[in-house]
Amino acid sequence: MSLPAKQEGEKNLSLAEDTRLFITFWLGGFLFALPVEEVVEINRSLDITPVPQAPTYVSGIINLRGQILTAIDLAQRIGLERENEAHHNVIIGRDGEPLSLLVEQIGDVLEIPLSDIEDPPDVIEGLDIQFVKNVSRLPDRLLVILDVQKLLAI
Amino acid sequence: MSFEEDVLKDFITEAKENLERLDEEFVELEQRPEDRELLSSIFRTIHTIKGTAGFFGFKTLEAIAHFAEDILSKLRDGLVVADEETIDMLLKSVDYIKAIIASLEETGKEPVDETYLDFLVDLRNFADKIAKRAEGGGGEEKPQAEEKASESSGGETKASSEEKASEAAEGEKAPEEKKAEEKKEEKPEATQEKAAEKPAEKAPEKAAEKAPKPADKPAKKDDKGAPQVHLTETHVRVDVKLLDQLMNLAGELVLSRNRLVQIASRINDSELQNATQSLSLVTTELQEKIMKTRMQPIGNVFNKFPRIVRDLARATGKKVNLRIEGADTELDRSIIEAIKDPLTHLVRNAIDHGIEDPDERVQREKPPVGTLVLRAYHEGGQVVIEIEDDGRGIDVNKVKQRAIERGLITPAEAEAMSDREALALIFKPGFSTAEKVTNISGRGVGMDVVKTNVEKLGGSIDIQTVLGAGTTVRLKIPLTLAIIPALVVTCEGQRYAIPQVSLRELVGLSAETRKNIHQIGDSEFFRLRGEMVPLVRLSKVLGVEAEPKENESLVILNCGAMHFGLVVDEIWDSEEIVVKPLGKHFKDISIFAGATIMGDGRMALILDVVGISRKVGLKIEDVDRAKEEMGLENKLAEEEQQFILLFNVSPEEQFAIPLALVARLDKISADKLEFVGGKEIIQYRGRSIPIIRLENYLPIQPLPEQDEYHLLVFREGENEVALMVSRIVDSIQTQVRLDERLYKMEGVLGSAIIKDRTTLFLDVYKIIEMQDPYFFVKIVPQEERPYKVLLAEDSPFFRQMIANYLESAGYEVDTATDGEEAWEKLQHGNYDVLITDIEMPRLTGIELAKRVRADARLANLPIMALTSLASDEDRRRGLEAGIDEYQVKLERSQVLEALANLLSRKYAQAA
């Protein structure tokens, strides 16, 4: 499934209150989010070929329509204990080398007012705070917005 | 396509682009007639066209561009202002140039047409007018007559027209011919005919001839106007990224096609099958075409070198003549990019270190101008690039000395080193042979970097040098990085691809072959035909858990000068794979060269053979040590495998001959046999061939009567003879352990047990000679006494056979069963020539040759090596050890011819 590119997203925002669209997904009991414009596409389970000697947070490589992408075990990457198998691919990296982040479950697309987006706290129990860009307090839980640049960096 | 055609194509493409731009610029110029920048740009474009036209010898084009440039230079320098008339003229020039370019593209020749020459005259007159205007300012409306007069003289004195002067001189005869010429005007066909005879040479001459024409012509011609030619684009510039994407998609299409073909074959519907088949064909073709878009002639890199070489030669005070061969050899674009730097380095090296100063060269009786050859050609799916100089060569001793100074090796190691190993030192990091580090070659980038870069491309590098005579560096590079043939293997359930270029051979590891695995220290080695090959377990390299397995396989891989064996679980298939790069997260993993998508849509990692050998730290020294430690075991003579043909004459007796000796196998029916003039013959392919019945020469059971017989046809030059047998049993590859004692008779080499039966090995040469003593052409150099040959060969089978054919050719033969025995015999006996096998227990042929060469008394003994298979690599090793000739054992006639040549060469020299 392809997602709307940046321009569209921004156009919508300018109409109403200043908001931002986020793709959300579940991993290790957390609800994570990435800005819509940062996500290239979302895929259900793809075959992963392990690459020996690779860093531990790398699950292997996947075949995305002929392009070979690196699949990142997101839980490992951000220091999270994962409970279930992570089979869904959230593909990021619009310009440059795309990466696939493996997550447990895809959530809804959320539109969040800019005013509700906060700086992260100093510590979030159970995950590496350096990958967290912002948080947003939803009625029932905390939405953790990840830092795409950090994820794309090695 | 030749290099020149290629350049012409480039020129046309470029010219067309520039001309399009010129149109716009001229239009702009009319708005801003004094815009210097604009004028300069136009001037440059025309100038380029003029230069290139001159290079190709397109005289008309060059002349038009020349005069247009003349006019432009006046405009640019502000001497005259561009008025409408001037710009008109210039635009017309551009139109003519376009027309010529169009014709060049179509026919490769300039058009032969009066109008071009007429225009040229107009243009020239106009250029002169402009020139005068520039000089005198004003007096432009000079009478025609005066202009005409100044034409011939003025044209010559003008510096900028100097090149035209010679042409004008050629046309000196013009005045006399003028009348005739004028008459011809009335019959233009005649002139055209004349021009058509020699269009190229004629054009300028005619231009000059016509130049001094009275000016009544221009008026007439102005009406004609410039030819309106629209240049069609035949070349498009395409973003390389787009090509890569196309390549990628084509790869995907191939995979989808493969899947579809599989499905179609299951469903078994003829309509579907037809459709898939045509899809299949189109896909293949599409892929090939897209591959082609990535291919570029290596000339794209080579053509940078004339300049580099010239500059370097000047900087170093040397004289170098560069020769480029095979510039049209095509290579993948990405490889062309990648070899640019290594090549530049090697060329610099050749000039800086290789080619001597002119004085030094003269002293050494070489021509003062050195020759540097850049050569490219295809060989076995690879591109070979050679950089060859006729300079001083590499002094191996200096290399060793330098390596010792640099602490790369110890003096003891240097002592033990072969020349080849010593040359390999050049590729070690931190090595530079130049007496002084110059700013040309010694820039901190060594040959090690060159080697690494070449190996990264899946290529190899190799140096051959003859001291005082020159050096050749040879790069072998795959044609393309994008699609490569690869062997697919498995390890712990995952598939891996090994590029075929690195592959040497495959060995199944059974209980039997496992005996050849030896543990030395921490390392394992596999003994492969007497050679110790280090073993690497893929599971260990990958760091995956491995369960012990019954059946594994061994892949012997080439890695530069050495090879190693990779133990894998299973060997699958060989297939063409599309190489895809791995992401940045894997950049520190040197053991993978990329990944590929297999036919089933799943992926396989591509192993990087060089990376693996680096990772496990394989060193040639380890192999040498292993060889030493294994030295004792080597005594068990390892006999070479050979293909033999088994056959019966009578069903009870089995015979064997080496398959390689047989020219053809065939069947004939009994009624084809004829008995003519005391000889049994058959008609075979329009010729009569004599038949040999073995029972006539050997005490064996006779050939039973049959309706059909098998023929083993042997050939020597024009002569053919056939052995008639009842049945071909088999052809097998085996190690022959020949027993020579049991059967001692003419025509039999010995016996061995093959397939549970005692089998007689026949000496085919002997038997044929018994039948026809003149069958074999005798090639023995004239001598009063026969030459005495020492033959060192460990396999009794070959020893006998070679000795026999040497003897029957008139040599006196003494034999030795290995190198050591040969060495002893050489100490005592007097021999004219040594013929030796390479792989022998105790002392190999190479070592024997080295020993012989090191011995003062034997140093000049001619040595010929015989092997079962002579690769270039072996040949080179042999030549370095001092072996004069290299031949394949079973090629009897070639061996004899080469031997005779060798002897006459050697002894004619001595005499």
Side-chain angles (χ1 to χ4, degrees), chain A residues 2 38-41 43-79 86-87 89-102 128 130-131 146-154, chain B residues 241 244-257 482 490-497 537-546 577-608 611-612 615-616:
Chain A
S2 243
E38 301 283 3
V39 178
V40 182
E41 66 177 81
N43 254 294
R44 288 190 160 274
S45 113
L46 291 168
D47 255 346
I48 296 180
T49 302
V51 178
Q53 309 284 322
T56 47
Y57 62 82
V58 173
S59 293
I61 48 177
I62 57 169
N63 170 12
L64 185 73
R65 294 187 301 278
Q67 203 182 0
I68 290 189
L69 301 191
T70 308
I72 302 286
D73 184 345
L74 185 61
Q76 277 265 8
R77 180 68 161 151
I78 60 178
H87 279 314
N89 295 271
V90 176
I91 292 157
I92 57 167
R94 232 172 231 294
D95 342 281
E97 185 196 322
L99 282 184
S100 164
L101 307 176
L102 297 177
D128 187 344
Q130 67 156 317
F131 292 102
L146 293 170
D147 186 337
V148 175
Q149 293 318 314
K150 283 267 167 56
L151 289 172
L152 285 172
I154 293 177
Chain B
K241 248 191 185 162
D244 287 346
Q245 282 166 1
L246 276 177
M247 182 75 211
N248 221 345
L249 290 172
E252 275 314 287
L253 188 59
V254 170
L255 295 180
S256 312
R257 186 263 324 257
T490 65
C491 178
E492 297 303 316
Q494 288 291 333
R495 281 176 290 181
Y496 298 91
R537 288 185 181 273
L538 183 55
S539 55
K540 222 180 211 170
V541 174
L542 298 172
V544 295
E545 288 286 312
I577 59 167
V578 181
V579 180
K580 314 229 172 192
L582 286 174
K584 58 187 175 190
H585 289 87
F586 307 111
K587 72 174 182 351
D588 294 332
I589 311 173
S590 61
I591 55 173
F592 301 121
T596 188
I597 299 168
M598 308 295 292
D600 58 4
R602 298 183 53 195
M603 289 153 289
L605 290 158
I606 302 166
L607 299 179
D608 183 332
I612 291 177
K615 184 179 156 101
V616 295

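Here is how names work: the chains are called A, B, and so on, in the same order as the sequence lines, proteins then strands, and each is numbered from 1.
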Exercise: identify the closest heavy-atom pair between A/Pro52 and B/Phe592: O-CE1, 3.4 Å
Partners passing side chain to side chain contact (heavy atoms under 4.5 Å, CB included) against B/Ala595 (at least two apart in sequence or in another chain): A/Ile61, A/Ile68, B/Leu582, B/Leu605
Which atom of A/Gln53 lies closest to which atom of B/Ile589, heavy atoms considered: O-CD1, 3.6 Å
Per-residue contact mode, B/Ile591 against chain A (heavy atom under 4.5 angstrom): side chain
Region of A/Pro98 in contact with chain B, defined by heavy-atom distances below 4.5 Å: neither
Candidate pair B/His585 and A/Leu99, rule side chain to side chain contact (heavy atoms under 4.5 Å, CB included), full reasoning: CA-CA 10 Å; B/His585 289 87; A/Leu99 282 184; 3.5 Å; yes
Which atoms of A/Ala71 approach chain B - backbone, side chain, both or neither, heavy atom under 4.5 Å: neither
More than 12 heavy atoms of other groups within 6.0 Å of B/Lys540 NZ: no
Least distance between heavy atoms, B/Phe586 atom then A/Gly60 atom: CZ-O, 4.1 Å
Chain B contact via A/Ile72 - which portion, at a heavy-atom distance below 4.5 Å: side chain
Interatomic spacing from CE in B/Met603 to CG in A/Asp47 - rounded to 0.5 Å: 6.5 Å
Which portion of A/Val58 sits near chain B, non-hydrogen atoms under 4.5 angstrom: side chain
